[in-house]
Amino acid sequence: MASTLEENNPHSQAPKPNFMVKLKENLIFKSKWAELNGAMGDLGTYIPIVLALTLASHLNLGTTLIFTGVYNFVTGAIYGVPMPVQPMKSIAAVAISNPEFGIPEVMAAGICTAGILFVLGVTGLMQIVYRLIPISVVRGIQLAQGLSFAMTAVKYIKTVQDFAKSKSGGQRDWVGLDGLLLALICAVFIVIVNGAGDDDDRVDNQESETGTGQKVQKIIFSLPSAFLIFLLGVVLAIIRGPNAIKGFKFGPSRIEVMSISKHAWKQGFIKGTIPQLPLSVLNSVIAVCKLSTDLFPEREVTATSVSMTVGLMNLIGCWFGAMPCCHGAGGLAGQYKFGGRSGGCVALLGVAKLVLGLVLGSSMVKVLTQFPVGVLGVLLLFAGIELAMCARDMNTKEEAFVVLVCTSVSLVGSSAALGFLCGIVVHLLLKMRNMGSDGQSCSDVLWFHRNP
């Protein structure tokens, strides 16, 4: 009787899913192989930078694996999309190129950057900034970052890399366990399996087909290309450095609270935070939110929440020596490119990092130094291309003009902030030029495209 009354009562409401149910929904796998494959999509960025910081600046790899593993799992559970966890690239670049910028300075820079982002998120200022920036400028930043990844990837493929000194050596040999031919074969394999983009619809349309050709195509398109290539890289790393396995030490690295001097705080803020902050705001928050909305319109990912999670990650982890991290549009594009469709994708990657950090600690670096860099370059290349392709939705010549100005300045000037500033100026100038000719008012000139 009670249930009948509730059904007939117009004021009764269906119970909202509780917190645990929501987490379970966010972590569920859309497809086990696809999510596993997608988890490999960001390693082309993650491994080289972590390896370089470990070799050049003595970063605690075990601690970094543990904390970034937790970051991955938590962000996957919160957002329900393959939200990446990437190194803060500008801070990493300063540390690798400047021996005097040590781990205390790196952590100080990460904490300062995180504190500012957290305040911007808590106060709601980040969401205001996100809503005011023109979509053409966002696309310009995404295109610049994607092309930058792609050019770095080509460098990894073509030339021998010394991550400890952040330098490129001579041309890579054609044959060998890290040869140019191996990288080209991996690239061809990815193109055959993944094509130019998402083949989900194509595979679904073949469900009812019974021909041998359609069955073979379905099997090929379903292969976890990135996972297989990464697995190949691990096997080749063991073959190239068999003694690395003998050097494994079981157990986590010792985690200690960082001691940061006044000098380290000052240097970290000036040399690390100031150049990193524009990149974090533009690429780690604004661009990643826009890309998430494009790829997963049913999921709400706000600039406020992203800014706060980036802040919280580093306000906790950097005090224990974990690498400063952020989210990134390139990582999201890469994981989506290879099949990541849910938070379970990055949660799976997080569990793997956490297990490696707890079981092997910093001894993992001996295997990573033998990992074929050309193979990492291939993964990074396709992640960069996927991010750059986001700019294809610009429908007018004016929008394309702003995108290209923003992109070219960002690449040539090596500064996303400078490209962003030039893009905003050009956007305003074009609006002012059209004022009156198409009935625009002064307020229309100052109106920026409002992101959802």
Tell me, do [X] and [Y] make a side-chain contact under 4.5 Å, heavy atoms counted?
X      : Y      : value
Pro87  : Leu53  : no
Thr54  : Thr369 : no
Leu182 : Leu232 : yes
Gln142 : Val138 : yes
Leu36  : Trp33  : yes
Leu421 : Val409 : no
Ser280 : Val310 : no
Val367 : Phe248 : yes

[atom1] of [X] to [atom2] of [Y]: how many Å apart, nearest 0.5 Å?
X      : Y      : atom1 : atom2 : result
Gln145 : Ser410 : CD    : OG    : 9.0 Å
Ile286 : Gln127 : CD1   : CD    : 10.0 Å
Met83  : Ser305 : CE    : OG    : 7.0 Å
Met323 : Asn314 : CE    : CG    : 9.0 Å
Asn283 : Met88  : CG    : CE    : 11.5 Å
Ile238 : Leu177 : CD1   : CG    : 12.5 Å

Is the backbone N or O of [Y] less than 3.5 Å from a side-chain atom of [X], with the two atoms forming a donor-acceptor pair by type?
X      : Y      : result
Asn37  : Ser225 : yes
Arg172 : Thr159 : yes
Arg240 : Gln370 : yes
Thr113 : Gly110 : no
Ser292 : Val288 : no
Glu399 : Asn395 : yes
Gln335 : Pro82  : yes
Asn72  : Val351 : no
Thr407 : Gly140 : yes
Tyr79  : Val301 : no

Please test Phe163 against Val373 for side-chain contact (heavy atoms from CB on, under 4.5 Å), starting from the C-alpha separation and ending with a verdict.
-> CA-CA 10 Å; Phe163 288 127; Val373 178; 3.7 Å; yes

Non-hydrogen atoms of [X] and [Y] that approach each other most closely:
X      : Y      : value
Glu398 : Leu430 : O-CD1, 4.0 Å
Leu236 : Pro372 : CB-CG, 3.8 Å
Ile91  : Gln276 : N-OE1, 3.3 Å
Met151 : Leu411 : CE-CD2, 3.8 Å
Met126 : Leu117 : CE-CD2, 3.8 Å
Ser363 : Lys249 : OG-N, 3.3 Å

Do [X] and [Y] get their side chains close enough for a donor-acceptor pair, meaning under 3.5 Å?
X      : Y      : answer
Thr304 : Tyr130 : no
Glu35  : Ser342 : yes
Thr309 : His327 : yes
Glu300 : Thr302 : no
Arg254 : Asn60  : no

Measure the acute angle between the ring planes of Phe338 and Phe382, then classify it against the limits of 30° and 60° as parallel, tilted or perpendicular.
-> perpendicular

Check: Phe230 ring centroid to Phe371 ring centroid under 6.0 Å = yes

Pair Asp42 + Lys337, salt bridge at N-O below 4.0 Å = no

Cation-aromatic face contact Arg341/Tyr336, 6.0 Å, 45 degrees = yes

With a cut-off of under 6.0 Å to the ring centre and 45° to the axis, is Lys353 in cation-pi contact with Tyr46?
-> yes

[X] atom [atom1], neighbour heavy-atom count above 12 within 6.0 Å:
X      : atom1 : value
Ile28  : CD1   : no
Glu100 : CD    : no
Phe296 : CZ    : yes
Phe73  : CZ    : no

Any chance you could lay out the side-chain contact (heavy atoms from CB on, under 4.5 Å) test for Leu61 and Leu368, step after step, and finish with the verdict?
-> CA-CA 11 Å; Leu61 178 62; Leu368 291 181; 4.1 Å; yes

Between Cys318 and Met258, does a side-chain contact (heavy atoms from CB on, under 4.5 Å) hold up when you go through it step by step?
-> CA-CA 8 Å; Cys318 286; Met258 291 294 302; over 6 Å; no

Give the C-alpha distance, both sets of side-chain angles, the deciding distance and a yes or no for side-chain hydrogen bond (donor to acceptor under 3.5 Å, both in side chains) between Ser253 and Ser362.
-> CA-CA 6 Å; Ser253 303; Ser362 295; 3.0 Å; yes

After noting the C-alpha distance and the side-chain angles of Ile255 and Ile66, does the key distance pass the side-chain contact (heavy atoms from CB on, under 4.5 Å) rule?
-> CA-CA 10 Å; Ile255 299 178; Ile66 291 172; 4.3 Å; yes

